[in-house]
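Sequence lines set the chain letters: A, B, ... in the order given, protein chains first and strands last, and positions in each chain run from 1.
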Amino acid sequence: MSNDEAIKAQFEPKIVAFFCNWCTYTAADLAGTARMVYAPNVRVVRIMCSGRLDPQFVLAALREGADGVLIGGCHPGDCHYQEGNYKALRRFTLLKSLLKSMGIEQERVRLEWIAASEGDKVQRVINEMTETVRQLGPLRLEPTIYNLIEDSLLKIPETATLAKGDEL
Amino acid sequence: MSYLYYPGCSAKSTGKAYEESLLAVFSALQIPTIEIEDWNCCGATAYMSISELKAFALCARNFALAERQSKGTTMIDLIVPCAACYLGLKKALLYLREYPEIRTKVDESLHSAGLKYTGHIRIRHPLDILVNDVGLKKIASLVTHPLDGFRVACYYGCQVIRPYADFDDQHEPSTMDKIVESLGAEVIDWPIKTRCCGGSLTGTVQEYGLRLSYNLLKEAKKRGCNVIATSCSLCQFNLECYQRQMKRRFKDKVNVPVAFFTQLMGMAFGIPSRQLGLHRLLVPLQQPSKTKADVGGHHVYN
Amino acid sequence: MSTTEIRSNGTPKVGVYVCHCGINISSKVEISKTVEFAKTLPYVTIVRDYKFMCSDPGQELIQQDIGEGKVNRVVVASCSPLMHEPTFRNVMAKGGENPFFFQMANIREHVSWVTRNKEEGTKKAKSLIAAAVCRVALHQPLERKRVSIHPDVLIVGSGIAGIHAALTLADSGKKVYLVEREPTIGGHMAKFDKTFPTLDCAACILTPKMSAVLAHPNIILWTYSEVIGVDGFVGNFKVKVKRKPRYVNEELCVGCSECIEACVYKKARVEDEFNVGLSKRKPIYIPFPQATPLVAVIDEASCLELKRRKCKKSCVDVCEPNAIDFDQTEEIKEIDVGAIILATGFKTFDARRIFRYGYGKYNNIYTSLEVERMVNAAGPTSGEVILKSGQAPKMVAIIHCVGSRDNNTNRYCSRVCCMYSLKIAHLIKERTGAEIYNFYIDMRTPGKGYEEFYDKLLKEDVHFIRGRVAEITDWAMTPEEEGKLIIRAEDTLVGAVRRIPVDMVVLSVGLEPQADTEEVRRLFNISCSDDGWFLERHPKLAPVSTFTDGVFLAGACQGPKDIPDSVAQAGAAAAEAMALIDRGYVELDPNTAYVQEDFCSGCKTCVNICPFNAISFDGDKNVAVVNGALCKGCGTCVAACPSGSLQQNLFTDEQILNEIKGVVSYV
Amino acid sequence: MEKWKGWPKLQFESELDPNFARQIASIPGGDKLYDCIQCGTCSGMCPLSPCMDYTPRQIVAMIRAGFRKEVLSSSTTWLCSSCYSCTVECPKEIRLTDIMYAAKRLAIREGVYPKKFPIPVLANEFFKAVERSGRNTESWLTVRLFLKTNPIQLFKMMSLGLRLWLRGRLSPKRESIKNKAELHSILKTLEKEYMVKPKRQLGLAGKETP
């Protein structure tokens with residue numbers, strides 16, 4: 001087994017997921033109540049609607065050390081807010097091309113429509129996603145790209161450092 | 001559009017007439033067919049009960065040969081008239097596609113013989129090709145001697161239709177009915193057109209096999225049919241060749257001609273009977289008398 | 001651009017409370033490790049764990065800490081926020097802190113219930129807690145908006161469920177709009193003869209309720225009508241209803257059916273929907289004698305006048321009240337309601353889909369619904385069970401689970417078939433004395449008096465064969481079988497295959513979602529479960545609510561149900577609607593968007609993007625303005641805003657970015 | 001005083017094989033076996049169930065319960081003419097025919113199939129013929145079958161054989177492919193491969209959680 005493979009073998013990808021409150025997050029809850037075991041690598045951030053997803057969130061996640069990002073919204077036509085998911089789709093396509101230009105594999109970012117009843121789909125997608133990213137291996141950002149993201153983003157308040165001083 | 005042709009073992013002996021009539025009809029329809037060179041057994045039913053994996057390998061060799069023979073073609077259509085072969089090959093194709101663990105093992109085995117198969121192949125039954133590629137219009141247009149007076153019971157048997165056939169309804173197939181109707185014959189309605197004829201049992205546990213075949217014949221006769229059309233050499237063999245045994249065991253003179261549907265087509269197309277292997281039938285098939293077929297057959301409890 | 005000064009209540013003092021949820025969480029999450037980890041997170045002053053955080057003592061813990069000023073922001077790591085967020089926000093309030101200084105980490109549904117082992121579980125739990133802590137530090141105090149509720153209720157569908165809900169609400173003084181697609185109310189129950197297990201006649205118990213609906217001052221009944229549009233949200237729905245023309249004036253018609261007599265069609269030729277095709281009706285008709293309202297209706301498809309405008313209209317001549325009006329056109333009504341109850345019911349499974357059973361191919365094979373009409377005294381055969389030949393059957397087979405418990409059709413059990421099959425067995429036995437064979441897979445008779453009913457049938461020497469029928473043919477193998485329908489099935493309790501010749505077969509068809517469920521679902525913006533029924537908010541704790549506030553479910557539209565259950569659920573739905581309305585207002589989560597005017601560049605991107613027209617543009621100040629009352633809080637505009645001046649309460653950029661940081665970088 | 005053969009209708013758990021179900025389920029798609037609700041559709045559809053010592057449904061139940069001996073030595077699996085009616089109609093999509101095959105293969109491997117029963121003999125002869133020459137010659141197959149099972153039958157069939165021969169439907173000529181070497185090397189590589197896993201290849205007991 002080559003060294004590279006060795007790394008892939010024990011590599012546990014970190015994946016951040018943005019799930020909309022009404023369909024996909026509910027579906028994830030359903031998967032839970034149905035005790036559908038799936039890969040632990042995906043960690044969910046809840047937003048009200050996939051329309052809220054600002055592409056910079058994805059970039060931020062990647063910069064912070066995520067190896068992949070999963071976005072979940074209602075099926076077309078089912079959006080709780082009428083058309084948020086269409087907006088999400090449009091931004092997603094833009095984002096993809098952006099990532100391409102940054103030299104980041106497109107498979108690291110995935111958009112899925114998952115309805116409230118589709119707990120099993122949550123299980124499937126998360127398992128697939130985890131495997132794909134595992135195959136791709138850890139995301140290594142070129143310093144230049146890193147800075148590029150850095151600049152294109154607004155700063156994340158450093159709660160951690162603040163913590164040391166405790167008083168503001 | 002040209003096809004590769006896989007005869008299967010029975011086409012070379014008991015099912016000779018099937019092959020003869022099939023090829024005759026296809027050439028009448030100007031459909032070129034090339035036989036796979038050095039094809040081998042498909043590893044059907046009996047074989048599969050020893051080693052399924054080897055059965056798949058046998059099929060895979062045929063696929064490999066087919067691909068080698070028609071190199072370059074993006075999708076090969078393989079005509080398989082024999083029901084058992086049709087099922088065996090189709091199943092192999094499916095399993096090789098769906099179960100990688102099988103695929104790898106079989107690939108290895110092929111590799112050891114310097115063969116490989118990519119899977120650009122489709123298993124087609126003559127019924128499928130005739131209805132979907134050729135079309136009933138074309139068939140009807142070739143009819144010179146309409147089969148009036150023929151009251152046909154179309155018998156599909158099991159394995160042409162179940163479980164993998166995609167060209168016809170698995171519960172109520174109709175392709176053969178349509179073809180036979182387009183030949184000017186009358187098709188009788190009977191509910192057991194896909195009920196098993198006993199298959200290989202007729203050769204092994206005759207007690208049972210014979211009964212199943214007899215039930216079919218009896219019911220067909222009761223419904224006034226004067227010829228049974230089949231699409232499987234084993235079915236044809238069971239239904240036709242054991243009629244004497246039936247007479248002995250069930251005290252009932254069945255005496256129904258059992259022909260391959262391709263033979264009926266040939267007759268309607270006016271193809272000389274020898275080319276259709278009609279002379280090979282044990283129960284001769286001739287123009288039925290205009291009087292309604294004798295309705296007979298009595299009951300066996302089973 | 002954005003800065004990190006923490007608004008309002010000073011330095012964050014975050015308290016983290018980890019819930020064991022009995023062993024639901026602790027079995028897959030190393031609580032002690034999690035607690036130790038949480039202590040290391042920024043701003044965290046207190047970390048506690050407890051068996052059940054949602055219990056009173058659990059809530060006490062939090063309140064105390066707040067009260068003693070030890071914490072001013074709280075993270076509870078337990079179940080899904082969809083489950084207990086409201087509970088803990090109240091705890092905050094009770095403790096004297098703004099309820100929105102709170103964040104939940106879902107370490108049950110998203111962790112302990114979906115991970116293989118403690119190692120995985122603990123790791124994932126840590127990351128979610130870190131995320132919550134990082135986020136809550138940036139939370140801000142918020143006010144809930146109150147919106148008043150319109151007191152009227154819309155009920156869609158007037159089967160027994162719709163009727164019961166309507167009466168309950170109307171009796172409590174609520175104004176109810178009852179909308180029914182068919183020309184009469186009553187639904188499936190009106191078609192039945194007797195009802196299990198008590199065998200009291202359906203009409204006798206239903207018709208009084210039907211007339212009560214018609215007579216009730218608080219109920220506005222619109223039959224032959226359909227909802228075509230729904231806008232707004234809980235408390236304030238705007239609904240469009242289409243009233244199809246029935247070409248007979250409801251106010252004038254007295255239901256004398258003279259017109260039907262007089263119709264130029266001397267013989268009835270049109271298939272009678274109410275008798276599920278067992279009889280014929282005329283183009284002008286009244287579905288059945290107790291139809292409510294008792295008003296004739298003319299169907300466009302078959303009426304000569306309406307088809308070709310050339311008929312001598314003998315119906316008009318005989319109608320004394322001059323109720324017939326061929327110029328009637330469809331009418332769109334617009335109404336405001338505060339709550340909606342869906343009671344759209346079910347359809348029966350199409351037996352043709354199972355070819356082996358020969359429905360539609362052989363004579364004397366009926367679906368259970370057809371038989372219900374047949375045994376009904378007011379039905380096409382006036383209650384007689386007869387074959388096509390006119391004689392009474394001597395042997396009858398009743399086949400359970402047709403279209404149910406089958407991966408090729410519907411996986412689920414339709415729940416009512418066993419019982420109604422028993423009922424039908426009893427009625428046919430009673431009417432004809434025939435030998436009756438019930439073929440079942442499993443006999444399911446849970447319910448008050450149901451098992452007893454089964455016992456009763458056993459005593460009536462009805463045959464019960466445990467085995468799913470393989471096929472029904474006219475293929476006779478013995479003289480006795482000639483001219484009969486032959487059932488072939490394994491008697492699984494005996495372990496032998498049996499062939500049983502019968503004269504008549506009853507297919508106990510299962511229940512299915514209505515054909516247009518998908519459209520209706522979209523119309524009311526609710527979800528369906530994967531088998532196609534309307535999805536309830538929670539299978540146990542919110543069985544009549546949906547994920548759309550103010551929309552409730554009653555009866556079989558949510559899943560197969562018998563009459564008692566439908567009525568019970570209708571009552572529950574009515575109560576929920578009542579509770580909502582009587583409160584008088586809804587509190588909306590304050591997750592609305594707001595503009596930071598100093599950053600707004602006035603590009604107007606947001607103005608067009610908002611699906612609710614909640615954003616307008618202030619020309620003088622050259623900034624966008626969000627109307628908090630209209631904003632539903634999806635945040636689409638926020639994501640679209642190029643200058644970042646638009647933000648969403650509870651979901652500001654920095655809050656989310658921090659959550660991301662937390663979820664990734666600590667574990 | 002006749003010899004005590006054990007309780008006819010008492011089954012001691014210790015005599016059952018807890019791994020049997022998992023062994024059968026190890027064939028492709030075999031885990032559907034666990035979905036069976038014992039409705040009996042398979043037996044009802046089966047044209048031969050009236051002749052079997054256990055109906056197909058019972059076989060499934062017995063496999064799941066671990067009645068290894070009884071299943072493998074039953075006539076049921078061998079009477080299955082693989083017409084696939086059960087497979088097509090099963091409400092739980094259990095591929096019963098494949099399960100029958102699996103049982104047949106096990107029975108042959110472990111030599112516990114009903115002795116003197118012609119069907120397994122036919123299978124074996126067929127198998128050997130194809131291994132040898134790549135094709136099967138019906139005339140010789142039949143002859144060998146009857147010699148092995150009941151020679152009298154052979155004479156009974158003589159007349160039929162003759163009539164077929166006269167019509168050129170039965171010839172003593174042995175069918176065979178040209179490139180046997182190729183075939184043999186293919187089959188050889190698969191010698192020790194099984195579709196039904198031998199017990200040792202099965203993991204620890206108990207199904208793994210999805």
Any side-chain to backbone donor/acceptor pair from [X] onto [Y]? Under 3.5 Å, distance only.
{"X": "Arg162(B)", "Y": "Val88(D)", "answer": "no"}
{"X": "Arg163(D)", "Y": "Leu282(B)", "answer": "no"}
{"X": "Arg244(B)", "Y": "Ser159(D)", "answer": "no"}
{"X": "Arg135(D)", "Y": "Cys41(B)", "answer": "no"}

Heavy-atom distances under 4.5 Å only: say whether Glu175(D) touches chain B with side chain, backbone, both or neither.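 Contact with chain B is through the side chain of Glu175(D) alone.
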Using non-hydrogen atoms only, which part of Ile108(D) is less than 4.5 Å away from chain B: side chain, backbone, both, or neither?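 Ile108(D) touches chain B through side-chain heavy atoms alone.
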Nearest 0.5 Å please: distance from the [atom1] atom of [X] over to the [atom2] atom of [Y].
{"X": "Met48(B)", "Y": "Phe126(D)", "atom1": "CE", "atom2": "CZ", "answer": "10.0 Å"}
{"X": "Ser49(B)", "Y": "Leu106(D)", "atom1": "OG", "atom2": "CG", "answer": "12.5 Å"}
{"X": "Asn40(B)", "Y": "Ile177(D)", "atom1": "CG", "atom2": "CD1", "answer": "5.0 Å"}
{"X": "Ile50(B)", "Y": "Asn124(D)", "atom1": "CD1", "atom2": "CG", "answer": "4.0 Å"}
{"X": "Ser13(B)", "Y": "Trp140(D)", "atom1": "OG", "atom2": "CH2", "answer": "13.5 Å"}
{"X": "Lys16(B)", "Y": "Leu170(D)", "atom1": "NZ", "atom2": "CG", "answer": "9.5 Å"}

Contacting region of [X] [heavy-atom separation from chain D under 4.5 Å]:
{"X": "Leu201(B)", "value": "side chain"}
{"X": "Thr194(B)", "value": "neither"}
{"X": "Tyr47(B)", "value": "both"}
{"X": "Arg195(B)", "value": "side chain"}
{"X": "Leu234(B)", "value": "neither"}
{"X": "Leu58(B)", "value": "side chain"}
{"X": "Glu37(B)", "value": "neither"}

Verdict with reasoning, Leu160(D) to Cys241(B), per side chain to side chain contact (heavy atoms under 4.5 Å, CB included): CA-CA 7 Å; Leu160(D) 174 56; Cys241(B) 303; 3.9 Å; yes
Chain D interface, residue from [options] that has the most non-hydrogen pairs under 4.5 Å:
{"options": "Ala113(B), Ala55(B), Gly15(B)", "value": "Ala113(B)"}
{"options": "Gln206(B), His111(B), Glu108(B)", "value": "Gln206(B)"}
{"options": "Glu207(B), Gln245(B), Gln170(B), Lys105(B)", "value": "Lys105(B)"}
{"options": "Glu101(B), Arg61(B), Gln159(B), Glu98(B)", "value": "Arg61(B)"}
{"options": "Ile102(B), Leu115(B), Leu110(B), Val205(B)", "value": "Leu115(B)"}
{"options": "Ser112(B), Gly114(B), Cys197(B)", "value": "Ser112(B)"}

SB check [X] [Y] (cutoff 4.0 Å):
{"X": "Asp38(B)", "Y": "Lys180(D)", "value": "no"}
{"X": "Glu52(B)", "Y": "Lys104(D)", "value": "no"}
{"X": "Glu191(D)", "Y": "Lys54(B)", "value": "yes"}

Chain B interface, residue from [options] that has the most non-hydrogen pairs under 4.5 Å:
{"options": "His184(D), Glu131(D), Lys188(D), Met100(D)", "answer": "Glu131(D)"}
{"options": "Met45(D), Lys173(D), Lys178(D), Arg109(D)", "answer": "Lys178(D)"}
{"options": "Pro28(D), Ser185(D), Gly134(D), Ser82(D)", "answer": "Pro28(D)"}
{"options": "Met157(D), Glu89(D), Arg95(D)", "answer": "Arg95(D)"}
{"options": "Ala102(D), Gly168(D), Ser171(D), Pro120(D)", "answer": "Gly168(D)"}
{"options": "Cys46(D), Cys80(D), Ser85(D), Ser81(D)", "answer": "Ser85(D)"}

Would you indicate whether the side-chain heavy atoms of Trp78(D) and Thr204(B) approach each other to under 4.5 Å?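 SC-SC contact between Thr204(B) and Trp78(D) ruled out.
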Are Tyr208(B) and Leu48(D) side-chain neighbours, meaning at least one heavy-atom pair lies under 4.5 Å?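 When only atoms from C-beta onward are counted, Leu48(D) and Tyr208(B) do touch, with a gap below 4.5 Å.
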On a heavy-atom basis, which atom in Tyr84(D) and which in Pro163(B) lie closest, and how many Å separate them?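 Smallest heavy-atom distance, with atoms named: CD2-CG, 3.4 Å.
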Considering all heavy atoms of both residues, which atom of Leu212(B) and which atom of Pro47(D) are nearest to each other, and what is their separation?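 For Leu212(B) and Pro47(D), the tightest heavy-atom pair comes out as CD2-O, 3.8 Å.
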What do the steps show when you test Tyr95(B) against Asp98(D) for side chain to side chain contact (heavy atoms under 4.5 Å, CB included), and what is the final call? CA-CA 12 Å; Tyr95(B) 275 50; Asp98(D) 291 5; 2.5 Å; yes
Worked verdict on Leu122(D) versus Ser200(B) for side chain to side chain contact (heavy atoms under 4.5 Å, CB included): CA-CA 9 Å; Leu122(D) 172 75; Ser200(B) 54; 4.1 Å; yes
For His279(B) and Arg167(D): C-alpha separation, side-chain torsions, deciding distance, then whether side chain to side chain contact (heavy atoms under 4.5 Å, CB included) applies. CA-CA 7 Å; His279(B) 59 292; Arg167(D) 288 169 176 74; over 6 Å; no
Salt bridge (Lys or Arg N to Asp or Glu O under 4.0 Å) partner of Arg169(D), the single match among Glu19(B), Glu240(B), Glu20(B):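 The option that passes is Glu240(B).
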Using a cut-off of 6.0 Å, state whether more than 12 heavy atoms not belonging to Arg132(D) lie near its atom CZ.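 Yes, CZ of Arg132(D) has more than 12 neighbouring heavy atoms, counting only those of other groups under 6.0 Å.
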For Lys128(D), I'd like to know if atom NZ has over 12 heavy atoms of other residues, nucleotides or ligands within 6.0 Å.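 Enclosed.
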For Thr14(B) and Glu138(D), test the side chains for any donor-to-acceptor distance below 3.5 angstrom and give the result as yes or no.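 Short answer, yes.
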